[in-house]
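Only heavy atoms go into these numbers, but all of them, side chains included; no hydrogens, no water, no symmetry mates.
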Amino acid sequence: MDPSVPRTRVAAALRMKQIALDNQDRTIRRLRAQLATERRGLAATKKELKETQVALEASHKVIAGLTEIGLSMSKKIEKMKVKKQLVRTNHVECHQKFQARIHEAEDSMQAQHLIIEALVDEKDSLLQTIHGLQEANNAPAPFDGDWEEEPEEELEEEEIEDIPLGEGEIDDE
């Protein structure tokens, strides 16, 4: 064996180790670059997450506010429904009272009409009786069926005499 052969083997082995170290160095640099990229991406993701969280909290506040407004409006609507029902009930009650009053007035008018008819019939009956009595007594008929009303005398206004004013009296004219 040639003494240079072991050196060549050692040199080749060293060369192989150097190549392996170079490959590992490139892999480490590439992994470090990927790690830096991932860290930047993670930082951006954390920033987006924080912004999203802030926006989400703001949305929750808005939703809570709108829910509160909705509940308040629901309460107001319920109160308005109750008030509307009370108004409707009062309206129906008033309508029924007015209908009852109208019915009572109609009944009263009908009763008065019947009373008037009865009085007219009674008057006719009395007139016939008086006429019959007058014929039986041969007396002149004071009622000939035509009613003449006596003309009303027009009252003349009495003139107010001028009374002299005394001292201290006030003239309103």
Side-chain angles (χ1 to χ4, degrees), residues 27-133 141-173:
T27 302
I28 289 172
R29 276 187 268 135
R30 184 176 45 85
L31 289 174
R32 282 184 180 162
Q34 282 180 348
L35 181 62
T37 303
E38 291 295 323
R39 283 183 179 163
R40 285 191 298 272
L42 183 60
T45 303
K46 282 183 180 180
K47 184 178 178 182
E48 288 176 10
L49 180 62
K50 186 68 175 174
E51 290 172 355
T52 303
Q53 188 176 3
V54 168
L56 185 61
E57 288 173 3
S59 294
H60 282 298
K61 287 180 182 178
V62 168
I63 290 170
L66 291 174
T67 302
E68 187 176 327
I69 290 170
L71 290 173
S72 173
M73 293 300 289
S74 293
K75 288 178 184 177
K76 287 181 181 179
I77 289 170
E78 286 302 316
K79 286 180 182 178
M80 289 173 67
K81 284 180 180 179
V82 168
K83 189 174 182 179
K84 182 179 178 182
Q85 184 61 34
L86 287 174
V87 167
R88 183 175 287 144
T89 302
N90 287 340
H91 175 74
V92 168
E93 187 178 317
C94 287
H95 180 72
Q96 290 172 346
K97 285 180 182 178
F98 284 131
Q99 288 296 329
R101 286 181 186 169
I102 289 170
H103 187 67
E104 287 175 14
E106 287 173 347
D107 289 347
S108 174
M109 287 173 47
Q110 191 174 19
Q112 290 173 357
H113 181 70
L114 291 174
I115 290 170
I116 290 171
E117 285 181 3
L119 289 173
V120 168
D121 289 344
E122 188 176 339
K123 179 195 97 171
D124 289 342
S125 173
L126 288 172
L127 286 176
Q128 286 177 356
T129 303
I130 291 170
H131 187 51
L133 289 172
F143 303 111
D144 58 1
D146 292 331
W147 291 87
E148 292 183 18
E149 294 185 14
E150 294 181 18
E152 294 182 14
E153 295 179 19
E154 292 183 22
L155 299 176
E156 294 181 19
E157 292 184 19
E158 296 178 14
E159 292 185 21
I160 300 175
E161 297 178 21
D162 289 335
I163 302 172
L165 294 175
E167 286 187 30
E169 292 184 9
I170 299 173
D171 185 8
D172 289 335
E173 289 182 15

Under the side-chain hydrogen bond (donor to acceptor under 3.5 Å, both in side chains) test, which residues partner His60, sequence neighbours left out? none
Would you please name every residue forming a side-chain contact (heavy atoms from CB on, under 4.5 Å) with Arg32, sequence neighbours left out? Ile28
Considering only distance and modelled atom types, tabulate donor-acceptor pairs under 3.5 Å from the side chains of residues 35-48, sequence neighbours left out.
from  : atom 1 : to    : atom 2 : distance (Å)
Thr37 : OG1    : Ala33 : O      : 2.9
Thr37 : OG1    : Arg40 : NH2    : 3.3
Thr45 : OG1    : Gly41 : O      : 2.7

Pair up each side-chain donor or acceptor in residues 79-92 with any protein partner under 3.5 Å, not counting sequence neighbours, and list the distances.
from  : atom 1 : to    : atom 2 : distance (Å)
Thr89 : OG1    : Gln85 : O      : 2.8
Asn90 : ND2    : Leu86 : O      : 3.4

Report, one line per pair, each donor and acceptor closer than 3.5 Å where one atom sits in a side chain of residues 65-78; sequence neighbours left out.
from  : atom 1 : to    : atom 2 : distance (Å)
Thr67 : OG1    : Ile63 : O      : 2.7
Ser74 : OG     : Gly70 : O      : 2.9

How many angstroms lie between NZ in Lys123 and CD in Gln128, if you round to the nearest 0.5 Å? 11.0 Å
With Asp107 via side-chain hydrogen bond (donor to acceptor under 3.5 Å, both in side chains) - residues at least two apart: His103
Under the side-chain hydrogen bond (donor to acceptor under 3.5 Å, both in side chains) rule, collect the residues that match up with Glu51, sequence neighbours excluded. none
With sequence neighbours left out, the residues meeting side-chain contact (heavy atoms from CB on, under 4.5 Å) with Glu104 are none
Partner residues of Arg29 under the salt bridge (charged side-chain N to carboxylate O under 4.0 Å, His left out) criterion, sequence neighbours left out: Asp25
One should read off an interatomic distance between Thr27 OG1 and Gln34 CD, to the nearest 0.5 angstrom, of 10.0 Å
With sequence neighbours excluded, what pairs up with His95 under the side-chain hydrogen bond (donor to acceptor under 3.5 Å, both in side chains) test? none
What residues form a side-chain contact (heavy atoms from CB on, under 4.5 Å) with Leu49, not counting sequence neighbours? none
Those residues that, when tested against Lys97, pass salt bridge (charged side-chain N to carboxylate O under 4.0 Å, His left out) (two or more places apart): Glu93
Can you measure from CG (Leu119) to CG (Asp124) and round to the nearest 0.5 angstrom? 11.0 Å
